[in-house]
Amino acid sequence: MHEPEGSNPQSISHRSPAPGTTQRRQSDWLRWPTLTLAALCALACTVAILVGTGHPLQNVNEGEYARIAQEMVHRGAWSVPTLNGLPYFEKPPLLYWIDALAFRVVGFGPRAARVAPMVGACLALASITWIALRHAPPRAALYGPWVLLSAPIVLVLDRVLLFDLLLTGLLACAFAAFLEAWHQDRSRPWMRASLVFLALAMLAKGLLPVVLYVLVVALFAAWERASLIRLRSLVDPVAIALFLALVVPWHIAAQWQEPGFARFYFVNEHLMRFLDRRVPHDYHTGPPWHYVPRLLVGMFPWVLLLTRPRRIEAEAPGHVPTVRLLTAWFVVTFCFFTLSKAKGDYYLVGAAPPIALLCAIRLAEAPLPAWRLALLPAAWVTLLGGVFAWAVTHPSASAMPARTPVMLVAAAVLSMVSVIAAFRGMRAAAVAACAAVALPVATVFSNTISTNEAIRSSATLAQRVVALKPRDVYLYREFETLSALPAYLDRCVGVVDSRSSDLRFGLSLHPDPLRFPDAGTLAATIGSRRVVVIVPEREAGTLEGSALGDRLHRLEAIGGARLYVSKAIVSDLPSKGPSVTDCPALPSSGH
């Protein structure tokens, strides 16, 4: 017999659902209106993930990660990631592998480069939908994807080449499989699946997912008052063997080829970053409350539905373990990054799936008044109106896309539809319309990057460099500031008087004074070579006062960079198409 609706949530056991429960759930799910709404939800979510990813690659992270994948394809060496021809071990290789495969299949481009975060978004959507269908109120499977994908932090990160959304999707799959194992007597196949996804998550972001997984499972088991026998039944030697078989080979190969890998990767990039003692200190820090406002904005407006776990348990009494796992998942993620000294606004995307599904459970089960539901689209309008007013009254170097007012009107119309649906008692339509507000918002995000490409990216700069037909291309001092340039040129570049933190470790292993010279050395060796030196605007005065100042001619400024060229290029301007050079092979490590 299944538990009566008014039963004590604490009395819910870990038994399989009663025979009638599954049939009733299936019959509810197979109703045509629900199926139709689910199909529309899945279609809209897929379109939202795939559309709007074609804006240019941004400098710093996107340019670097895309270039690493390019170099993997060109070099045919997949064990040691290289950036600009130098070993790069700040992150594990799964994202680069995914992008390298995409480049091989469809060629290089912004959409192909952003395949990895799109895969992460799809995995996260699939995971919360699976959990909702199996272990939550069935209609939560309709609301969960809408809530997750329209959350601003997910909306932005599935259009940006970063590791965090891929990690989020893989970790969500691991927790979905764990919950399945928790509910079933024959749990070993699901635990094996869970640890396989955990291993892939470790290859996506290092030790972080393992720490989060262990803490979440421990908190959940303590909350459920699980016995040692129950916990031991979930331990499977085959699952552990699968985990090790996936994660160990790459770490051994990396250490074998680059003996300095282990200390740099495990100590400097994991422990020291957490303790704020990493060298170099090129990351953000913040106060303990750093993530509170970012949580409110990142999960806006759905965070307004969050309430105490006990209340959600009472609203869904047959799904107490699910609510507790989701709560533990969110609490551990939030607290871990709050305690960490290193702060990144995008780190909190790991808490988006549990929050989305908790909100979906409330939407599916709670007797929300119409005004409470209408508050969500009203909050959207208020936020977007405030941002637009601030942008108009505070001019900046970034230009506003021409279609921004049209997109804001579309968002306002969708919000009004959501409000009307809420007061007419059409909850599903109200939620769908409120989530759809995210589509014009995402369009504005992509259009803003495209409109300000010269400042945010290096696509136009690369086209100009190609037209100069240089033999050698150098950046001055800063590699990260214009890191998308090597990806668009599809070649390694030199760095003069390098201050790059991302190339620092690689240069310590493989010094290369020819590609990374000081200004005096380059000035003495330019001769008749066709050389382009690209300088960030703020460093132009320093270059002109150096030994290079007399050997180069200032050509033009593009975005935030200035182009300086040698006399060999000046003598025959304009010229056409450049030659593309490959990265030099790394010297043998002796193994």
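Within the 3.5 Å criterion, the main-chain N or O of Ala221 finds no donor-acceptor partner in the side chain of Arg225. In this structure, His284 contributes its side chain and Ala342 its backbone to no donor-acceptor pair below 3.5 Å. Judged by distance alone, the side chain of Arg278 and the main-chain N or O of Met272 form no donor-acceptor pair under 3.5 Å. Not one N or O on the side chain of Arg111 forms a donor-acceptor pair closer than 3.5 Å with the backbone of His55. A side-chain donor-acceptor contact under 3.5 Å links Ser418 to the backbone of Ala430. The main-chain N or O of Ala177 is never found under 3.5 Å from a side-chain atom of Ser194 such that the two would form a donor-acceptor pair.
In this structure the side chain of Asp345 reaches within 4.5 angstrom of the side chain of His290, judged on heavy atoms. The shortest side-chain heavy-atom distance between Arg427 and Tyr143 falls under the 4.5 Å cut-off. Between Tyr213 and Val332, every side-chain heavy-atom pair lies at or beyond the 4.5 Å cut-off. For the pair Trp302 and Ser150, the minimum side-chain heavy-atom distance is below 4.5 Å. Counting only heavy atoms from C-beta outward, the side chains of Leu242 and Leu246 never approach each other to under 4.5 Å. Residues Pro440 and Leu408 are not in side-chain contact: their nearest non-hydrogen atoms beyond the backbone lie 4.5 Å or more apart. Between Leu162 and Pro117 there is no side-chain heavy-atom pair separated by less than 4.5 Å. Residues Pro56 and Pro110 form no side-chain contact, since every pair of their non-hydrogen atoms from C-beta on lies 4.5 Å or further apart.
In terms of the side chain to side chain contact (heavy atoms under 4.5 Å, CB included) criterion, residue partners of Ala116 (sequence neighbours excluded) are, by chain and number, Leu95, Ile98, Asp99, Leu166.
Side-chain contact annotation: Tyr347 with Thr333, donor-acceptor N/O pair under 3.5 Å absent. Counted by atom type alone, His135 and Thr322 present zero donor-acceptor pairs between their side chains at under 3.5 Å. For the residue pair Thr327/Trp223, the side-chain donor-acceptor check at 3.5 Å is not satisfied.
What you find for Pro145 and Ile128 is that their closest heavy atoms are N-CD1, 4.0 Å. Nearest heavy atoms, Leu414 versus Ala436: CD1-O, 3.4 Å. Shortest non-hydrogen contact noted between Ala66 and Leu161 is N-CD2, 3.6 Å. Closest heavy-atom contact between Arg403 and Asn447: NH2-ND2, 3.5 Å. The two residues Ala124 and Ala172 come nearest to each other via the heavy atoms CA-CB, 4.3 Å. What you find for Thr168 and Pro353 is that their closest heavy atoms are CG2-CG, 3.5 Å.
Under the side-chain contact (heavy atoms from CB on, under 4.5 Å) rule, Pro377 has a single partner from Thr382, Val419, Ile420, which is Val419. Put simply, the residue from Leu200, Leu165, Val119, Val196 that forms a side-chain contact (heavy atoms from CB on, under 4.5 Å) with Leu170 is Leu200. Each of Leu384, Val406, Thr404 was scored for a side-chain contact (heavy atoms from CB on, under 4.5 Å) with Val444, with one residue passing: Thr404.
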Decide side chain to side chain contact (heavy atoms under 4.5 Å, CB included) for Leu376 and Leu305; before the verdict, give the C-alpha distance in whole Å, the side-chain angles of both, and the deciding distance to 0.1 Å.
CA-CA 9 Å; Leu376 302 178; Leu305 294 173; 4.1 Å; yes
Could you walk me through whether Phe243 and Met202 pass the side chain to side chain contact (heavy atoms under 4.5 Å, CB included) test, one step at a time?
CA-CA 10 Å; Phe243 175 84; Met202 185 172 175; 3.8 Å; yes
Would you check, one step at a time, whether the test side chain to side chain contact (heavy atoms under 4.5 Å, CB included) holds for Leu207 with Leu271?
CA-CA 10 Å; Leu207 294 175; Leu271 179 62; over 6 Å; no
Given the rule in the side chain to side chain contact (heavy atoms under 4.5 Å, CB included) test, do Leu325 and Phe178 qualify, once you have shown the distances and angles that lead to the verdict?
CA-CA 10 Å; Leu325 178 67; Phe178 170 79; 4.2 Å; yes
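Checked against a 6.0 Å centroid threshold, the rings of Phe300 and Trp380 count as neighbours. Between Phe220 and Phe175, the ring center distance fails the sub-6.0 Å criterion.
With respect to the salt-bridge test (charged N to carboxylate O, under 4.0 angstrom), the residues Glu62 and Arg456 do not qualify. Salt-bridge annotation for Arg324 and Glu313: present, with a side-chain N of the basic residue lying under 4.0 Å from a carboxylate O of the acidic one.
In this structure, Leu219 CG and Trp329 CH2 are separated by 14.0 Å, a value rounded to the nearest 0.5 Å. Summarising the geometry, atom CG belonging to Asp158 is positioned 8.5 Å from atom SG belonging to Cys122; distances are rounded to the nearest 0.5 Å. Here Leu234 contributes atom CG and Gln184 contributes atom CD; the two are 11.5 Å apart, rounded to the nearest 0.5 Å. Expressed to the nearest 0.5 Å, how far CG of Leu363 lies from CZ of Arg372 amounts to 10.0 Å. With rounding to the nearest 0.5 Å, the separation of CE in Met191 from OG in Ser233 is 9.0 Å. For the atom pair CG (Leu348) and CG (Asp164), the distance works out to 10.5 Å, reported to the nearest 0.5 Å.
Residues in residues 353-365 take part in these side chain to side chain donor-acceptor pair (under 3.5 Å) pairs, two or more places apart or across chains: Glu315-Arg362.
Note: Phe336 and Phe274 have tilted aromatic rings, judged against thresholds of 30 and 60 degrees for the angle between ring planes.
Crowding of Lys343 atom NZ: a count of heavy atoms from other residues, nucleotides or ligands under 6.0 Å exceeding 12.
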